[in-house]
2 protein chains.
Amino acid sequence: MAYRETEKMRLRKAAARQRIAECTYKCVAEGGFRNARITRIAQLADVATGTIYRHFESKEDLFAEIFRQATQREIAKVTKALATSGSATERLEKALRQFAERALKGPVMAWSLIAEPVDPKVEEERLAYRKAYAGLFEQAIREGIEEGCIPDQNARQSSTCLVGAIAESLVGPLSPTQTNLAAAKETENNDQLVNTIICFCLQGLTGIRR
Amino acid sequence: MAYRETEKMRLRKAAARQRIAECTYKCVAEGGFRNARITRIAQLADVATGTIYRHFESKEDLFAEIFRQATQREIAKVTKALATSGSATERLEKALRQFAERALKGPVMAWSLIAEPVDPKVEEERLAYRKAYAGLFEQAIREGIEEGCIPDQNARQSSTCLVGAIAESLVGPLSPTQTNLAAAKETENNDQLVNTIICFCLQGLTGIRR
DNA sequence: GCTATTAGTGAATATTGATTCATTCTTTTG
DNA sequence: CAAAAGAATGAATCAATATTCACTAATAGC
């Protein structure tokens, strides 16, 4: 008997794994899953390509884990926004704004999480993400219906419309960010854009002119 | 001198080209551009892979042409719906319904045209498509603002919200059709779905409860 | 210091799918 | 029919990446 994994090594391995995950996140945030090459990730993390495979079963698994981590963060933010006090409409507005502002800050990542075509294992993660998200908005809409500030409607379908309107406006192929990323940096425009979207969404939900 | 292209040959070549185009369309409608392999297209069209390259410069060129043909059809439909008589709101409703129903009939193609990541040459076609589309809806919204049936707003941004809400609800990753395609065949549900979406969109646009 | 065990390496391999091109088949015309 | 030109073919090639694995380096316990 000569070697047994020690605490020091466990930490070092965990650190390496973490570093690989972070660099993968960076790559995806830059150009989506499609453009995140194993070689590039290895370069960034300063390890050999083979090392990545000592920490993750496959590229797909690595991506799935990154996806899960990223979405958990997003879900947490929206959950928090919806957990504040105020009417359902007010809380929804906060949540939508949170969602929109985060998407604007990282449009590529937002697109990757929402719409980029991905491998089956990652798609599975997206399913969970989707359910969590749809569930959150749906729940808030239901509360609004009970409170009376939102008219009766199919909460599930409406929540999909919300997500679609925001996603398309901010990160979709028809969005301004795709063609003139430079211009999208102008925060003033962005505020205006977010307001327009929120206005559209809340009117769509409530049918009340704002 | 011995051979000169004759009318008969020109027609035959045109027919082959057309057949390749149609089979490509079929492939894309089935699984998007990503899954449309040259070999599969060649099989369907009953030609050798090399033959495709006698008719099209490259896969990218072939796809770009298919994209153009497909979008021209879509644009024509929406243009027609918007050219009918009635108030701007009524005409927009017709156009949105047209758009939604066509997307439901061919969700994969709709997704490919709207959101699937594509090569640069195809993306260029999408730019034109997008301009045409955005232009049409925008124009109708502007007319509505002038008529007074739609409150003043950024017509461009609102038209993007419209497209997003529909696209996400019908063909997006969060849509119901992605997971239970079987259930999506139930036309009754679809009618209900389209109505919900249209309601959301028109309320978003007008702020008037329907 | 020695040895067993695990971690790390990165060039070589495997895979997937577009594209090419030497060859064969067709058509045209004298 | 023969010669010239073009069209069609599809196996071979190329390209781009993910993955493997034989080898080297580092660590743990004696």
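Order of the sequence lines fixes the chain letters, A, B, ..., with proteins taken first and strands second; residue numbering starts at 1 for each chain.
The ring of B:Phe63 has its center no closer than 6.0 angstrom to the ring center of B:Phe56.
B:Arg12 has a side-chain polar atom (N or O) that falls below the 4.0 Å cut-off from OP1 or OP2 of C:dT27. At D:dT19, none of the side-chain N or O atoms of A:Lys59 fall inside 4.0 Å of OP1 or OP2 (strictly under the cut-off). When the side-chain nitrogen and oxygen atoms of B:His55 are compared with OP1 and OP2 of D:dA7, none of them lie within a distance under 4.0 Å.
Taking atom CZ on A:Phe56 and atom P on D:dT19, their separation rounds to 13 Å, with Å as the unit. When rounded to the nearest whole Å, the span between CD1 of A:Ile41 and C1' of C:dG10 equals 17 Å. Per the geometry, OH belonging to A:Tyr53 stands 18 Å off P belonging to D:dA22, to the nearest Å. Nucleotide C:dT9 holds its C1' atom 13 Å from the CD1 atom of A:Ile20, rounded to whole Å. Taking atom CZ of residue B:Arg54 and atom P of nucleotide D:dG6, one finds them 10 Å apart after rounding to whole Å. Following rounding to the nearest Å, B:Ile38 (CD1) and C:dT16 (P) show an atom-to-atom distance of 18 Å. In this entry the distance linking CD1 of A:Ile52 with P of D:dA18 reads 10 Å, nearest Å. Atom CG of A:Asn35 and atom C1' of D:dA18 are 15 Å apart (whole Å).
For the pair B:Arg73 and B:Tyr129, the cation-pi criterion (under 6.0 Å, within 45° of the ring axis) is not fulfilled.
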Apply the test salt bridge (charged side-chain N to carboxylate O under 4.0 Å, His left out) to residues B:Arg34 and B:Glu116: give CA-CA distance (whole Å), side-chain angles for both, the deciding distance (0.1 Å), then the verdict.
CA-CA 8 Å; B:Arg34 188 186 167 86; B:Glu116 183 179 5; over 6 Å; no

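Here D:dA7 is the nucleotide among D:dA18, D:dA7, C:dA7 with the atom lying nearest to any side-chain atom of B:Lys13. Nearest to the side-chain atoms of A:Val47 among the listed nucleotides C:dT9, C:dT27, D:dA18 stands C:dT9. Comparing atom distances between the A:Thr49 side chain and each of C:dG10, D:dT9, C:dT9 picks out C:dG10 as nearest. The side chain of B:Met9 lies closest to D:dA7 when the candidates are D:dT9, C:dA7, D:dA7.
Taking a 6.0 Å sphere around CD of B:Glu57, one finds it holds 12 or fewer heavy atoms contributed by other residues, nucleotides or ligands.
A donor N or O paired with an acceptor N or O is not found under 3.5 Å between the base of C:dG17 and the side-chain atoms of B:Arg37.
Both A:Ala16 and B:Lys8 lie close to DNA chain C; mapped to their nearest nucleotides by heavy-atom distance, the more 5′-ward contact belongs to A:Ala16.
Using a 4.0 Å cut-off between charged side-chain N and carboxylate O, B:Arg10 and B:Glu7 make a salt bridge.
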